[in-house]
Asks: 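Dropping the structure in here first, questions after.
Each chain gets a letter, A, B and so on, in the order the sequences are listed, and its residues count up from 1. Note that these values count all heavy atoms, side chains included, but never hydrogens, waters or copies made by symmetry.
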Number of protein chains: 2
Amino acid sequence: MYDARIMPKPAPKKHLSAKEGESAGGRVTVSIHDVASAARVSIATVSRVINNPHLVSARTAARVQEVIRKTGYAPNPFAQGLITRSSRVLGIALPDIHGEFYSELLRGADAEARSLGYHLLVSSEPRREDRGPANGSLAFGLIDGIAVMITDAASNLLKEAKGSLLPTVVLDTDLHAKGVDSLVVDNAGGTREGVNHLLASVPASSLYFVGGPEENFDAQQRASAFRAAVAASGWKPRADQVSFGDYTSEWGERWAEEHLKATGKGVFGVLAGNDEIAIGVMQAASQAGVRIPDQLRLVGFDDTRLATLIRPRLSTVRVPMAEVGAASIRLLVRRIEDREAEITCVHLPTSLVVRESSVPRA
Amino acid sequence: MYDARIMPKPAPKKHLSAKEGESAGGRVTVSIHDVASAARVSIATVSRVINNPHLVSARTAARVQEVIRKTGYAPNPFAQGLITRSSRVLGIALPDIHGEFYSELLRGADAEARSLGYHLLVSSEPRREDRGPANGSLAFGLIDGIAVMITDAASNLLKEAKGSLLPTVVLDTDLHAKGVDSLVVDNAGGTREGVNHLLASVPASSLYFVGGPEENFDAQQRASAFRAAVAASGWKPRADQVSFGDYTSEWGERWAEEHLKATGKGVFGVLAGNDEIAIGVMQAASQAGVRIPDQLRLVGFDDTRLATLIRPRLSTVRVPMAEVGAASIRLLVRRIEDREAEITCVHLPTSLVVRESSVPRA
DNA sequence: CATTATGCTGAAAGCGTTTACAATCCGCAA
DNA sequence: TTGCGGATTGTAAACGCTTTCAGCATAATG
């Protein structure tokens with residue numbers, strides 16, 4: 001039989017730390033042992049006070065709490081992680097996306113993570129050229145799960161993430177059929193709304209989609225939704241009504257310079273792949289003396305701050321960027337805390353915001 | 001004398017892991033023990049292959065490397081952190097700053113951290129209202145150091161960070177006198193440049209500074225540099241030449257609406273606290289029929305993307321946001337890797353970018 | 001040949017937690 | 001008295017790594 005009183009204490013050993021005077025400087029961290037001895041309990045009890053208070057008598061708990069407060073003790077996350085295999089840190093990997101989108105998304109994700117008691121480790125995907133080989137950009141092993149944003153098929157973030165065997169969610173691509181929780185924005189719905197809005201004052205044959213990079217999933221979705229919506233009105237879209245480029249105002253400008261010539265006197269409409277393209281179009285138009293919204297009706301995409309700063313104010317399809325971040329974190333945490341949860345694809349709605357750039361003046 | 005051969009091996013114990021067949025599913029992580037036994041060496045040797053390859057014979061190292069490659073072994077960062085007391089994770093705490101600034105800064109910081117072999121844990125400062133009490137927003141204990149951005153005196157991020165005893169750098173405030181590595185942007189120099197540029201075509205008495213929030217350090221610095229630069233030209237600035245508001249276009253608009261009335265027919269100049277304010281001013285001006293740059297010469301601050309998207313294009317003082325992020329990480333890593341390094345304040349230059357909004361047409 | 005240096009390797013001691021298990025103390029029923 | 005169960009606490013075993021120390025060849029030196 002085991003009897004603690006018989007066995008000689010195995011010598012005070014180590015942890016000569018702060019407990020005895022030791023006033024001499026330099027002690028930096030206080031460990032659970034320090035708290036335990038100061039409170040005259042075992043380290044197990046201290047741990048319980050923190051993690052399972054109901055297992056400890058009120059008197060003891062109070063004493064321990066007091067010591068914790070006084071010493072400023074905080075558990076060492078490495079030791080905790082080693083044993084619990086979790087760190088309450090979430091990874092989020094983003095491609096090199098456009099400015100405002102990036103920060104809004106991150107803001108949403110960070111706020112949500114914080115409110116769920118997690119921290120956020122970010123990692124922008126390095127540009128293609130400077131990708132080291134087995135760079136191991138993500139801190140697998142340290143994080144409890146990871147949210148990756150996949151904007152085009154060339155990204156290998158997803159492979160990396162899945163290889164890590166960590167709970168994973170993908171943003172901007174529906175992979176729930178492949179067993180990955182996903183979060184997508186309703187690009188199709190927003191596009192349809194935008195098209196229908198334009199169709200109210202512009203003939204389908206004079207409607208154009210000026211998109212982002214062709215390899216980009218968003219751009220693809222918006223383009224085919226555009227074709228579908230135009231077709232739904234009874235007009236089979238010509239090939240020249242849809243173009244791809246990139247997400248810059250320069251591309252919008254370039255497109256407009258070419259097409260403004262070709263276009264006759266009639267009214268026509270443009271749905272841009274994002275707000276910046278729209279602004280490029282707007283500028284080329286004003287350069288060419290084409291009035292907005294009189295001759296050209298324009299709708300952007302994303303509803304960035306730009307849209308309200310420009311004149312005429314830009315009608316645009318609002319994408320809830322912060323909500324994308326927040327929802328992806330929620331989805332990820334759900335998966336972490338219940339590995340058996342059903343694989344889900346969350347759809348986030350978009351909505352048309354009508355401003356001056358697209359409605360004929362009264 | 002110690003002789004390993006005399007002591008009986010203390011029983012194979014634990015780590016029944018992957019080594020023996022065990023084909024049955026479920027093994028997730030491979031530990032250093034697995035690698036060691038597969039390579040028929042001790043765990044110490046495996047560790048050395050990874051951390052001090054020169055201590056291991058080439059033959060052994062090759063064998064171990066091969067096993068590592070095959071098994072995909074990666075050291076457990078918790079165990080490493082527990083013993084080395086470092087995680088190669090850096091914290092960066094940002095207030096709720098404006099969109100584009102935020103993302104550029106983070107992008108710079110992330111790229112630099114990655115290239116130095118660190119990861120980045122972000123944390124936006126929660127808005128004032130929802131600050132829990134001992135929230136402990138930052139993952140102290142997990143990170144090796146922290147960069148905090150302090151935009152006004154009310155922030156308590158710094159106190160928290162210093163209380164953590166972690167290596168710390170502050171952005172946007174010079175605290176090197178208080179023993180904290182700092183990183184500041186040359187607001188004064190940029191402001192001076194902007195003022196002098198305007199002074200070339202506008203009398204000092206007709207120059208205005210439309211600043212951000214009065215409690216904001218940047219805004220303060222820019223305002224007093226404005227006063228100083230104007231004074232240096234020989235004109236003592238009137239009180240109404242400097243105003244504070246916030247960093248929005250609405251404030252710029254409001255300011256302009258009031259002041260455009262008061263101003264007579266003469267030419268006047270505005271240096272805005274940031275680009276967005278400048279755009280507000282620009283819009284109010286165009287509303288009021290005041291032509292830019294003919295009657296109003298305008299210079300912004302920050303050189304965000306906005307500045308080139310608006311017409312006329314906005315002259316502005318460029319602040320190297322990405323470089324601020326990168327430099328702060330460099331400074332932080334230097335401190336982490338050499339705690340004795342001299343306390344430093346890094347100054348980042350600003351530079352005036354002249355576009356159409358501020359130069360009289362030929 | 002005896003000694004010493006050198007290169008390589010292994011054993012074991014932690015690092016600071018959590019948690020299974022054992023032990024004690026107590027009240028209460030048998 | 002005895003035994004049982006619940007409440008509370010303590011002991012010790014992990015968790016996976018780094019690093020000191022010691023052991024042992026083998027090479028270099030006297």
Asks: Does OP1 or OP2 of dG16(D) have a side-chain N or O of Gln80(B) closer than 4.0 Å?
Replies: no
Asks: Write down the distance between CZ (Phe78(B)) and P (dC17(D)), rounded to a whole number of angstrom.
Replies: 12 Å
Asks: Are the side chain of Asp172(B) and the backbone N or O of Met149(B) linked by a donor-acceptor pair below 3.5 Å?
Replies: no
Asks: For the side chain to side chain contact (heavy atoms under 4.5 Å, CB included) test, which of Leu55(B), Val41(B), Thr60(B) pairs with Arg48(B)?
Replies: Leu55(B)
Asks: Is any side-chain nitrogen or oxygen of Arg40(A) closer than 4.0 Å to OP1 or OP2 of dT9(D)?
Replies: no
Asks: Is there a side-chain polar atom (N or O) of Thr84(A) under 4.0 Å from OP1 or OP2 of dC15(D)?
Replies: no
Asks: Which nucleotide sits closest to the side chain of Thr60(B): dC17(D), dT9(C), dT9(D)?
Replies: dT9(C)
Asks: When you measure from the side-chain N and O atoms of Asn76(A) to the phosphate of dT17(C), is any distance below 4.0 Å, counting only OP1 and OP2?
Replies: no
Asks: Rounded to whole angstrom units, what separation is found between the CD1 atom of Ile50(B) and the C1' atom of dT19(D)?
Replies: 14 Å
Asks: Would you kindly give the NE2-to-P distance between His33(B) and dC15(D), to the nearest whole Å?
Replies: 9 Å
Asks: Under 4.0 Å: is that the gap between some side-chain N or O of Thr45(B) and OP1 or OP2 of dG10(C)?
Replies: yes
Asks: If the threshold is 4.0 Å, N to carboxylate O, is there a salt bridge linking Glu342(A) and Arg335(A)?
Replies: no
Asks: Is the phosphate of dG16(C), meaning OP1 or OP2, less than 4.0 Å from a side-chain N or O of Arg85(B)?
Replies: yes
Asks: Measuring to OP1 and OP2 of dC15(D), would you say a side-chain N or O of Ser31(B) lies under 4.0 angstrom away?
Replies: no
Asks: Contact class for Arg48(A) vs. all strands (heavy atom < 4.0 Å): base, sugar-phosphate, or nothing?
Replies: base
Asks: When you compare the side chain of Thr173(A) with that of Leu171(A), does any pair of heavy atoms fall below 4.5 Å?
Replies: no
Asks: Figure out the CG/C1' separation between Asn52(A) and dA7(D), and round it to whole Å.
Replies: 15 Å
Asks: Check the distance between dT6(C)'s C1' and His54(B)'s NE2 and give it to me in whole angstrom.
Replies: 13 Å
Asks: For dT9(C) and Ser57(B) - does any side-chain N or O of the residue sit under 4.0 Å from the phosphate oxygens OP1/OP2?
Replies: yes
Asks: Can you work out whether Val56(A) or Ile43(B) has the more 5'-proximal nearest nucleotide on DNA chain D?
Replies: Val56(A)
Asks: Going by heavy atoms in the side chains, are His119(B) and Asp110(B) under 4.5 Å from each other?
Replies: no
Asks: Would you mind reading off the distance between Ile32(B) atom CD1 and dA12(C) atom P, rounded to a whole angstrom?
Replies: 16 Å
Asks: Under 4.0 angstrom, heavy atoms only, what part of the nucleic acid is Ser47(B) near: base, sugar-phosphate, or nothing?
Replies: base
Asks: Between dT17(C), dG16(D), dA12(C), which nucleotide gets closest to the side-chain atoms of Tyr73(A)?
Replies: dT17(C)
Asks: State the CD1-CG distance between Ile329(A) and Leu120(A), to the nearest 0.5 angstrom.
Replies: 5.0 Å
Asks: Check every strand shown and say whether Ala74(A) touches a base, only sugar-phosphate, or nothing at a heavy-atom separation below 4.0 Å.
Replies: sugar-phosphate
Asks: Specify the separation, in whole Å, of atom CG of Leu142(A) and atom P of dG16(D).
Replies: 16 Å
Asks: What is the separation between atom CG on Leu55(B) and atom C1' on dT20(D), rounded to the nearest whole Å?
Replies: 12 Å
